[in-house]
Amino acid sequence: MRILYAIGLSVALLSCTHTASGRGKLLPGYDADHQYYFHRTYIPDNSVQLGFSAGYSLYRATLTRQEDFRNGPNLTPAASLLHVGLLGEKGFLNMRLTVATGVYYSQLNSFLSGGWPSYKGAAYVVDHEDDLTVHYTSVNDVRSVASYVSVPVEVTFALVNDTDYGLYLKGSAKANVNLYATTKFITGVSTTEEVKQRLTSYFESVDPFFVNAHLKVGFRWGSFDTPNFRLEAGIPFKLSKSNTTYYQMNMGITAQIALYIPLFIFYG
(Lines give C-alpha, C1' and ligand atoms only; values in the text may rest on other atoms or scores of the structure.)
Protein backbone atom coordinates (compact mmCIF):
# COMPACT_ATOMS: atom_id res chain seq x y z
CA MET A 1 0.00 0.00 0.00
CA ARG A 2 2.79 2.41 0.88
CA ILE A 3 4.53 1.52 -2.39
CA LEU A 4 1.43 2.43 -4.44
CA TYR A 5 1.05 5.71 -2.53
CA ALA A 6 4.71 6.61 -3.16
CA ILE A 7 4.36 5.85 -6.92
CA GLY A 8 1.21 8.01 -7.20
CA LEU A 9 2.84 10.93 -5.36
CA SER A 10 5.88 10.76 -7.65
CA VAL A 11 3.74 10.82 -10.80
CA ALA A 12 1.78 13.83 -9.51
CA LEU A 13 4.96 15.78 -8.69
CA LEU A 14 6.42 15.06 -12.15
CA SER A 15 3.22 16.26 -13.84
CA CYS A 16 3.21 19.52 -11.90
CA THR A 17 6.88 20.07 -12.70
CA HIS A 18 6.28 19.48 -16.44
CA THR A 19 3.25 21.82 -16.51
CA ALA A 20 5.08 24.61 -14.69
CA SER A 21 8.06 24.22 -17.01
CA GLY A 22 5.81 24.34 -20.13
CA ARG A 23 4.01 27.50 -19.03
CA GLY A 24 7.30 29.23 -18.36
CA LYS A 25 8.42 28.89 -21.97
CA LEU A 26 5.31 30.41 -23.65
CA LEU A 27 3.54 33.75 -23.40
CA PRO A 28 0.34 33.79 -21.35
CA GLY A 29 -2.55 32.69 -23.50
CA TYR A 30 -0.38 31.64 -26.43
CA ASP A 31 -0.30 28.01 -25.41
CA ALA A 32 -4.10 27.96 -25.18
CA ASP A 33 -4.82 29.08 -28.78
CA HIS A 34 -1.47 29.14 -30.56
CA GLN A 35 -3.09 27.81 -33.76
CA TYR A 36 -5.08 31.06 -34.13
CA TYR A 37 -2.79 33.56 -32.44
CA PHE A 38 -1.52 35.35 -35.57
CA HIS A 39 -4.90 35.26 -37.34
CA ARG A 40 -6.26 37.83 -34.92
CA THR A 41 -3.93 40.53 -36.28
CA TYR A 42 -6.02 43.00 -38.43
CA ILE A 43 -4.50 43.95 -41.79
CA PRO A 44 -6.76 46.38 -43.75
CA ASP A 45 -7.42 45.65 -47.42
CA ASN A 46 -6.34 48.71 -49.40
CA SER A 47 -6.83 47.05 -52.80
CA VAL A 48 -10.37 48.46 -53.13
CA GLN A 49 -10.51 52.23 -53.58
CA LEU A 50 -13.47 54.62 -54.04
CA GLY A 51 -12.69 57.50 -56.41
CA PHE A 52 -14.21 60.95 -57.00
CA SER A 53 -13.18 62.13 -60.45
CA ALA A 54 -13.48 65.25 -62.62
CA GLY A 55 -12.00 65.71 -66.08
CA TYR A 56 -11.92 67.93 -69.15
CA SER A 57 -11.13 67.03 -72.76
CA LEU A 58 -10.71 69.44 -75.67
CA TYR A 59 -11.11 67.96 -79.16
CA ARG A 60 -10.14 69.28 -82.53
CA ALA A 61 -13.11 69.02 -84.88
CA THR A 62 -13.89 69.20 -88.58
CA LEU A 63 -17.16 69.81 -90.39
CA THR A 64 -18.88 66.67 -91.62
CA ARG A 65 -20.11 68.49 -94.73
CA GLN A 66 -18.25 71.65 -95.66
CA GLU A 67 -20.67 72.11 -98.58
CA ASP A 68 -23.40 72.96 -96.05
CA PHE A 69 -21.60 76.26 -95.42
CA ARG A 70 -20.65 79.00 -97.84
CA ASN A 71 -17.56 79.79 -95.75
CA GLY A 72 -16.97 76.21 -94.62
CA PRO A 73 -13.15 76.14 -95.16
CA ASN A 74 -12.77 79.15 -92.86
CA LEU A 75 -14.71 77.66 -89.94
CA THR A 76 -12.88 76.10 -86.99
CA PRO A 77 -15.35 74.02 -84.97
CA ALA A 78 -14.33 72.61 -81.60
CA ALA A 79 -15.78 70.33 -78.95
CA SER A 80 -15.08 69.92 -75.26
CA LEU A 81 -16.22 67.18 -72.91
CA LEU A 82 -16.44 67.60 -69.13
CA HIS A 83 -17.25 64.87 -66.63
CA VAL A 84 -17.76 64.34 -62.90
CA GLY A 85 -18.54 61.07 -61.16
CA LEU A 86 -17.63 58.10 -59.00
CA LEU A 87 -15.33 55.14 -59.59
CA GLY A 88 -14.65 51.86 -57.86
CA GLU A 89 -11.07 50.63 -58.27
CA LYS A 90 -9.70 47.14 -57.59
CA GLY A 91 -5.95 46.58 -57.35
CA PHE A 92 -3.90 43.50 -58.18
CA LEU A 93 -0.22 42.52 -57.84
CA ASN A 94 0.27 44.77 -54.83
CA MET A 95 -1.58 47.64 -56.59
CA ARG A 96 0.74 47.61 -59.60
CA LEU A 97 -2.23 46.78 -61.82
CA THR A 98 -5.70 48.25 -61.21
CA VAL A 99 -9.08 48.05 -62.93
CA ALA A 100 -11.80 50.63 -62.33
CA THR A 101 -15.38 51.33 -63.41
CA GLY A 102 -18.19 53.58 -62.27
CA VAL A 103 -20.63 56.19 -63.55
CA TYR A 104 -20.12 59.78 -64.77
CA TYR A 105 -22.26 62.72 -65.73
CA SER A 106 -20.74 64.14 -68.92
CA GLN A 107 -21.45 67.35 -70.81
CA LEU A 108 -20.43 67.77 -74.44
CA ASN A 109 -20.07 71.39 -75.58
CA SER A 110 -19.60 72.14 -79.27
CA PHE A 111 -18.86 75.43 -81.01
CA LEU A 112 -19.16 76.17 -84.70
CA SER A 113 -16.47 78.81 -84.78
CA GLY A 114 -13.53 79.67 -82.54
CA GLY A 115 -13.90 77.10 -79.83
CA TRP A 116 -14.39 77.70 -76.08
CA PRO A 117 -14.40 80.28 -74.58
CA SER A 118 -14.32 82.59 -77.63
CA TYR A 119 -17.00 80.79 -79.64
CA LYS A 120 -18.41 83.93 -81.29
CA GLY A 121 -18.35 83.92 -85.07
CA ALA A 122 -20.62 84.08 -88.12
CA ALA A 123 -21.34 81.45 -90.73
CA TYR A 124 -23.57 81.11 -93.75
CA VAL A 125 -25.42 77.81 -93.69
CA VAL A 126 -27.67 76.34 -96.36
CA ASP A 127 -31.31 76.47 -95.32
CA HIS A 128 -32.83 75.64 -98.71
CA GLU A 129 -31.64 74.39 -102.09
CA ASP A 130 -33.05 72.97 -105.29
CA ASP A 131 -31.80 72.30 -108.81
CA LEU A 132 -31.55 76.00 -109.62
CA THR A 133 -30.80 77.91 -106.41
CA VAL A 134 -29.10 77.64 -103.04
CA HIS A 135 -30.20 79.89 -100.21
CA TYR A 136 -28.00 80.65 -97.18
CA THR A 137 -28.86 82.05 -93.77
CA SER A 138 -26.37 83.90 -91.61
CA VAL A 139 -25.96 82.43 -88.10
CA ASN A 140 -23.81 83.74 -85.23
CA ASP A 141 -22.47 82.33 -81.98
CA VAL A 142 -23.58 78.73 -82.55
CA ARG A 143 -23.17 76.65 -79.41
CA SER A 144 -24.63 73.22 -78.61
CA VAL A 145 -24.76 71.43 -75.25
CA ALA A 146 -25.53 67.73 -74.80
CA SER A 147 -25.74 65.81 -71.52
CA TYR A 148 -24.74 62.15 -71.21
CA VAL A 149 -24.61 59.41 -68.61
CA SER A 150 -21.28 57.65 -69.06
CA VAL A 151 -19.88 54.30 -67.94
CA PRO A 152 -16.05 54.23 -67.95
CA VAL A 153 -13.69 51.24 -67.81
CA GLU A 154 -10.10 52.09 -66.86
CA VAL A 155 -6.95 49.97 -66.65
CA THR A 156 -3.83 51.33 -64.91
CA PHE A 157 -0.29 49.97 -64.86
CA ALA A 158 2.20 51.45 -62.37
CA LEU A 159 5.67 52.39 -63.60
CA VAL A 160 6.72 53.64 -60.16
CA ASN A 161 4.81 52.32 -57.16
CA ASP A 162 6.36 53.83 -54.03
CA THR A 163 4.43 53.87 -50.76
CA ASP A 164 3.69 57.61 -50.83
CA TYR A 165 3.70 58.37 -54.57
CA GLY A 166 3.46 56.66 -57.93
CA LEU A 167 3.74 57.14 -61.67
CA TYR A 168 1.45 55.15 -63.96
CA LEU A 169 0.03 54.67 -67.45
CA LYS A 170 -3.73 54.50 -67.96
CA GLY A 171 -5.94 53.37 -70.81
CA SER A 172 -9.70 53.91 -70.64
CA ALA A 173 -12.86 53.62 -72.71
CA LYS A 174 -16.17 55.29 -71.93
CA ALA A 175 -19.65 54.52 -73.25
CA ASN A 176 -21.91 57.60 -73.40
CA VAL A 177 -25.73 57.61 -73.64
CA ASN A 178 -27.43 60.90 -74.45
CA LEU A 179 -29.95 62.35 -71.98
CA TYR A 180 -30.64 65.85 -73.30
CA ALA A 181 -29.42 68.31 -75.91
CA THR A 182 -29.96 71.98 -76.71
CA THR A 183 -28.46 74.61 -79.00
CA LYS A 184 -28.22 78.39 -79.19
CA PHE A 185 -27.51 80.70 -82.11
CA ILE A 186 -28.37 84.16 -83.43
CA THR A 187 -29.94 84.89 -86.81
CA GLY A 188 -31.27 87.98 -88.54
CA VAL A 189 -34.65 89.41 -87.60
CA SER A 190 -36.02 88.51 -91.03
CA THR A 191 -35.37 84.77 -90.55
CA THR A 192 -38.65 82.87 -90.52
CA GLU A 193 -39.62 80.52 -87.71
CA GLU A 194 -39.60 77.59 -90.11
CA VAL A 195 -35.96 78.25 -91.04
CA LYS A 196 -35.03 78.65 -87.37
CA GLN A 197 -36.54 75.25 -86.61
CA ARG A 198 -34.58 73.61 -89.42
CA LEU A 199 -31.35 75.21 -88.24
CA THR A 200 -32.05 74.15 -84.65
CA SER A 201 -32.56 70.56 -85.77
CA TYR A 202 -29.33 70.72 -87.79
CA PHE A 203 -27.09 72.08 -85.06
CA GLU A 204 -28.76 70.23 -82.20
CA SER A 205 -28.43 66.77 -83.74
CA VAL A 206 -26.19 64.68 -81.48
CA ASP A 207 -25.04 61.09 -81.21
CA PRO A 208 -27.55 59.17 -79.05
CA PHE A 209 -24.63 56.88 -78.18
CA PHE A 210 -20.88 57.09 -78.70
CA VAL A 211 -17.68 55.65 -77.28
CA ASN A 212 -14.54 57.66 -76.57
CA ALA A 213 -11.19 56.65 -75.13
CA HIS A 214 -8.10 58.11 -73.41
CA LEU A 215 -4.41 57.30 -73.15
CA LYS A 216 -2.88 59.10 -70.17
CA VAL A 217 0.09 59.41 -67.86
CA GLY A 218 -0.78 59.90 -64.20
CA PHE A 219 0.87 60.78 -60.91
CA ARG A 220 -0.31 59.71 -57.44
CA TRP A 221 0.26 61.61 -54.19
CA GLY A 222 -0.38 59.70 -50.98
CA SER A 223 -0.45 56.11 -49.79
CA PHE A 224 -3.09 53.57 -50.80
CA ASP A 225 -3.79 53.24 -47.05
CA THR A 226 -4.99 56.86 -46.87
CA PRO A 227 -6.89 59.28 -49.15
CA ASN A 228 -4.67 59.84 -52.19
CA PHE A 229 -4.81 62.27 -55.11
CA ARG A 230 -4.34 61.45 -58.81
CA LEU A 231 -3.47 63.90 -61.58
CA GLU A 232 -3.54 62.71 -65.20
CA ALA A 233 -2.95 64.16 -68.67
CA GLY A 234 -3.02 62.61 -72.10
CA ILE A 235 -4.75 62.22 -75.44
CA PRO A 236 -8.50 61.70 -76.00
CA PHE A 237 -10.02 60.28 -79.14
CA LYS A 238 -13.38 59.03 -80.33
CA LEU A 239 -13.81 55.33 -81.14
CA SER A 240 -17.28 55.34 -82.73
CA LYS A 241 -18.11 57.20 -85.93
CA SER A 242 -20.66 60.00 -85.89
CA ASN A 243 -23.68 59.80 -88.19
CA THR A 244 -25.85 62.63 -86.90
CA THR A 245 -23.72 65.60 -85.81
CA TYR A 246 -22.61 68.35 -88.17
CA TYR A 247 -18.99 67.97 -87.02
CA GLN A 248 -16.54 65.15 -86.33
CA MET A 249 -14.42 64.96 -83.17
CA ASN A 250 -10.71 64.35 -83.71
CA MET A 251 -7.81 63.91 -81.29
CA GLY A 252 -7.06 66.56 -78.66
CA ILE A 253 -5.84 66.92 -75.09
CA THR A 254 -7.32 65.76 -71.80
CA ALA A 255 -6.71 66.26 -68.08
CA GLN A 256 -8.26 64.61 -65.04
CA ILE A 257 -8.02 65.00 -61.27
CA ALA A 258 -9.34 62.52 -58.73
CA LEU A 259 -9.42 61.75 -55.01
CA TYR A 260 -9.31 58.07 -54.06
CA ILE A 261 -10.17 56.71 -50.62
CA PRO A 262 -9.53 53.11 -49.49
CA LEU A 263 -12.87 51.48 -48.87
CA PHE A 264 -11.86 49.95 -45.52
CA ILE A 265 -11.92 53.46 -43.99
CA PHE A 266 -15.72 53.38 -44.18
CA TYR A 267 -16.17 50.00 -42.47
CA GLY A 268 -12.87 49.34 -40.64
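Given the structure is predicted, the values throughout are model-derived calculations rather than measurements. Side-chain atoms are counted along with the backbone in the values below, which use heavy atoms only and exclude waters and symmetry mates.
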#### Entry: T200 side chain to K196 backbone, donor-acceptor under 3.5 Å
yes

### Task
Evaluate the side-chain proximity of F264 to D45: yes if any heavy-atom separation is below 4.5 Å, no if none is.
no

### Query
Could you give the distance from CE (M249) to CG (L108), rounded to the nearest 0.5 Å?
5.5 Å

### Task
Kindly say whether G188 contributes a backbone atom to a donor-acceptor pair with the side chain of T191 at under 3.5 angstrom?
yes

### Query
How many angstroms lie between OG1 in T98 and CG in L93, if you round to the nearest 0.5 Å?
10.5 Å

#### Entry: Donor-acceptor contact present, side-chain R220 to main-chain Y165, <3.5 Å
yes

#### Entry: Closest non-hydrogen atom pair, Q49 against N46
NE2-O, 2.9 Å

### Message
Do P236 and Y59 have side chains that approach each other closer than 4.5 Å (heavy atoms only, starting at C-beta)?
### Response
yes

#### Entry: S205-T245 side chain donor-acceptor pair, cut-off 3.5 Å
no

### Message
Using side-chain heavy atoms (C-beta onward) and a distance below 4.5 Å, is K174 in contact with L81?
### Response
yes

### Summary
CZ of R143 to NZ of K184, rounded to nearest 0.5 Å, is 7.0 Å

### Query
With the 4.5 Å side-chain cut-off for hydrophobic clustering, are V153 and F237 part of the same group?
no

### Message
Set out, in order, the CA-CA distance, both residues' side-chain angles and the distance that settles side chain to side chain contact (heavy atoms under 4.5 Å, CB included) for V48 and F224, then state yes or no.
### Response
CA-CA 9 Å; V48 181; F224 289 113; over 6 Å; no

### Message
Do F111 and I186 land in one hydrophobic cluster if side-chain heavy atoms of ILVMFWY residues count as linked below 4.5 Å?
### Response
no

### Any donor-acceptor N/O pair, N71 side chain to V125 backbone, under 3.5 Å
no

### Hydrophobic cluster partners of L87 (side-chain heavy atoms under 4.5 Å)
Y104, Y260

### Query
Is it true that atom CG of L179 has more than 12 heavy atoms of other residues, nucleotides or ligands lying nearer than 6.0 Å?
yes

#### Entry: Nearest atoms (heavy-atom pairs only) where V211 meets S240
N-OG, 3.0 Å

### Query
When you measure from the side chain of E204 to the backbone N and O of T183, does any donor-acceptor pair fall under 3.5 Å?
yes

#### Entry: Validation row, ring centre F203 to ring centre Y246 under 6.0 Å
yes

### Message
Please find the pair of heavy atoms, one from A123 and one from L112, that lie closest to each other, and give the distance.
### Response
CB-CD2, 3.7 Å

### Task
Compare every heavy atom of L215 with every heavy atom of G171, then report the nearest pair and how far apart it is.
CA-CD2, 4.2 Å

### Task
Indicate the atoms forming the closest heavy-atom contact of Y136 with D127, along with that distance.
C-OD2, 3.5 Å

### Query
Are T137 and L199 close enough, and set up right, to give a side chain to side chain contact (heavy atoms under 4.5 Å, CB included), and what steps lead you there?
CA-CA 9 Å; T137 295; L199 293 177; 4.1 Å; yes

### Side-chain donor-acceptor contact under 3.5 Å, S150 with H83
no

### Task
Could you give me the CA-CA distance, side-chain angles and deciding distance for Q107 and N109, then say whether side-chain hydrogen bond (donor to acceptor under 3.5 Å, both in side chains) is met?
CA-CA 6 Å; Q107 181 175 292; N109 301 281; 3.2 Å; yes

### Message
Test side chain to side chain contact (heavy atoms under 4.5 Å, CB included) on L86 and F52; report intermediate values, then the result.
### Response
CA-CA 5 Å; L86 298 175; F52 304 87; 3.1 Å; yes

### Message
Hydrophobic cluster membership, with links at side-chain heavy-atom distances under 4.5 Å among I/L/V/M/F/W/Y: are F229 and L50 in one?
### Response
yes

### Query
Does any donor atom in the side chain of S53 or Q256 lie under 3.5 Å from an acceptor atom in the other side chain?
yes

### Task
Could you walk me through whether E89 and T101 pass side chain to side chain contact (heavy atoms under 4.5 Å, CB included), step by step?
CA-CA 7 Å; E89 179 185 73; T101 188; over 6 Å; no

### Message
Can you confirm whether L97 sits close enough to T156 that some side-chain heavy atom of one is under 4.5 Å from a side-chain heavy atom of the other?
### Response
no

### Query
Do the side chains of V149 and V103 get nearer than 4.5 Å, heavy atoms only?
yes

### Message
For residues 68-86, which residue pairs pass the salt bridge (charged side-chain N to carboxylate O under 4.0 Å, His left out) check, not counting sequence neighbours?
### Response
R65-D68

### Task
To the nearest 0.5 Å, tell me how far N178 CG sits from Y148 OH.
4.5 Å

### Donor-acceptor under 3.5 Å (R230 side chain, E232 main chain)
no

### Distance in Å, L58 CG paired with M251 CE, rounded so as to fall on 0.5 Å steps
13.0 Å

#### Entry: Donor-acceptor pair between Y105 and S147 side chains, under 3.5 angstrom
yes

### Query
Near K90 NZ, under 6.0 Å, is it more than 12 heavy atoms from other residues, nucleotides or ligands?
yes

### Query
L169 and F219: same hydrophobic cluster, using ILVMFWY side-chain contacts below 4.5 Å?
yes

### Message
salt bridge (charged side-chain N to carboxylate O under 4.0 Å, His left out) for D207 and K238? Distances and angles first, verdict last.
### Response
CA-CA 12 Å; D207 286 322; K238 192 174 179 181; 2.7 Å; yes

### Criterion side-chain hydrogen bond (donor to acceptor under 3.5 Å, both in side chains) on D164 and S223, from CA distance to verdict
CA-CA 5 Å; D164 296 320; S223 168; 5.0 Å; no

### Message
Testing N74, V126, L63 one by one against F69 for a side-chain contact (heavy atoms from CB on, under 4.5 Å), which residue passes?
### Response
L63

### Query
Is the shortest heavy-atom distance from the side chain of F157 to the side chain of L159 under 4.5 Å?
yes

### Message
Tell me whether N212 contacts the main-chain N or O of A175 through its side chain, where contact means a donor paired with an acceptor under 3.5 Å.
### Response
no

### Query
Q66 and P73: which non-hydrogen atoms are nearest, and at how many Å?
OE1-CG, 3.7 Å

### Under 3.5 Å donor-acceptor, N176 side chain and F210 backbone
yes

### Message
Ignoring hydrogens and geometry beyond distance, is a side-chain donor-acceptor pair present between T254 and K216 at under 3.5 Å?
### Response
no

### Task
Return yes when atom CZ of F185 has more than 12 non-hydrogen atoms of other residues, nucleotides or ligands closer than 6.0 Å, and no otherwise.
yes

### Task
Check whether any side-chain heavy atom of L259 lies under 4.5 Å from a side-chain heavy atom of P227, and answer yes or no.
yes

